[in-house]
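The shown structure was predicted, so the numbers you read here are calculated from the model rather than taken from an experiment. The chains referred to below are lettered A, B, ... by the order of the sequence lines, with proteins before strands, and numbering in each begins at 1.
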2 protein chains.
Amino acid sequence: MDTSPTAIEKRLTTFRERCAQLGLALTPQRLAIYEVLASTGEHPGAEDIYQRLKPSIPSLSRGTVYRTLTLFESHHLVSRVHVSDEQARFDANLDDHHHLVCVRCQRVVDFQDARLDRLPFDEAAPGGFHVLGHRVHLLGLCPQCQEQV
Amino acid sequence: MDTSPTAIEKRLTTFRERCAQLGLALTPQRLAIYEVLASTGEHPGAEDIYQRLKPSIPSLSRGTVYRTLTLFESHHLVSRVHVSDEQARFDANLDDHHHLVCVRCQRVVDFQDARLDRLPFDEAAPGGFHVLGHRVHLLGLCPQCQEQV
DNA sequence: ATAAATGCAAAGGATTTGCCGTCAA
DNA sequence: TTGACGGCAAATCCTTTGCATTTAT
């Protein structure tokens, strides 16, 4: 995900607009939670976000983080990523994209490749399944984990 | 997954062999748990398996089901499927395959398509990621859920 | 002002774990 | 007999929820 200041700004602007449209209150907690997601490509989980914000917002509670993330997801402001078993992880990148998953450290990196966006699956769907979309997970080792092997 | 009697038999035979090779005891519980997985394409979760076996093995405990599934997975006798948030689900189909996931009822169906087995991703991996394999999830509606919409 | 949002703590579900009795090699 | 295995219950981890209070619009 592009995490340049410009791209982050853009995401935040869109976020404020969408909240207004949706009639969602723009509380400091919500803004802070969204900011964390908008400015990282790390796909943090609820607990990660809670820990990152606790110092600056001491009153913040886990419940709010969970509730807010679920709310954001239901309004398609962020998406939920299921990697391995562990906790759910979140992503503010709403562009069509796929994921590289490190099988060792579980790091998740977005990547885009037009060639993977149109797969020959429509005709392939067996059993009358009606395919709406697809997700590709590339499993492998991130640079850091390659060194440690 | 092919659930014809012949295919199931074949899986069971392989399973027994692998257990012997690995020095794993072939207990009634383990066999029963594997049989459930070998004879269904439903990708049941631990609780599903427990419920299905409880009537025939009243002494069975959840702990054993969980422990056994984890053991199987660590020896690559079954694989763990992460669909949505809910519980982990298991699959005795070890052939290379992908998954159709119903976004409505969460049904998971295996499917194979040679065209999806070689994707143009090797060169695509950004940031020095070393890609070892990939998984394609096709998201859509199963026949039953299409009718209910 | 008023409905919505937060904090807190308790509840919930899925899974793991420790302990002890049991069983098979 | 001896280590592996299963049953049971307690513990753990992640997440949701109810309720009283505070806040955004």
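- Near-neighbour residues of DNA chain D inside residues 46-74 of chain A, defined by a heavy atom below 4.0 Å, number-ordered: Gly63(A), Tyr66(A), Arg67(A), Thr70(A).
- Helix bend of the helix from dA1(C)-dT25(D) to dA25(C)-dT1(D): the angle between its two end axes, each built from five pairs, comes to 30° after rounding to 10°.
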When you look at Arg62(A) and Gln51(A), which way does the side-chain contact (heavy atoms from CB on, under 4.5 Å) test go after all the steps?
CA-CA 9 Å; Arg62(A) 279 189 183 79; Gln51(A) 293 300 340; 3.8 Å; yes
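- Val109(B) and Leu94(B) are members of different hydrophobic clusters when ILVMFWY side chains are connected at heavy-atom separations under 4.5 Å.
- When rounded to the nearest whole Å, the span between CD of Gln87(B) and P of dT15(D) equals 15 Å.
- Screening Asp91(A), Val101(A), Asn93(A) against Val81(A) for a side chain to side chain contact (heavy atoms under 4.5 Å, CB included) leaves a single residue, Asp91(A).
- At distances below 3.5 Å, not a single donor-acceptor pair connects side-chain atoms of Thr64(A) with backbone N or O atoms of Leu60(A).
- Aromatic ring orientation, His137(B) versus His137(A): parallel (interplanar angle below 30°, classes split at 30° and 60°).
- Atom CZ in Arg89(B) sits about 14 Å away from atom C1' in dA14(C), given to the nearest Å.
- Contacts between residues 19-42 of chain A and DNA chain C, counted as heavy-atom distances below 4.0 Å, involve Ala25(A), Thr27(A), Gln29(A), Arg30(A).
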Could you give me the CA-CA distance, side-chain angles and deciding distance for Leu24(A) and Leu77(A), then say whether side-chain contact (heavy atoms from CB on, under 4.5 Å) is met?
CA-CA 12 Å; Leu24(A) 298 179; Leu77(A) 296 168; 4.1 Å; yes
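- The two residues Gln112(A) and His97(A) make their nearest non-hydrogen contact at CG-CB, 3.6 Å.
- No side-chain donor-acceptor contact under 3.5 Å links His75(B) to the backbone of Glu73(B).
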Could you walk me through whether His98(A) and Asp110(A) pass the side-chain hydrogen bond (donor to acceptor under 3.5 Å, both in side chains) test, one step at a time?
CA-CA 6 Å; His98(A) 304 285; Asp110(A) 290 350; over 6 Å; no
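- Shortest non-hydrogen contact noted between Cys145(B) and Leu141(B) is CB-CD2, 4.2 Å.
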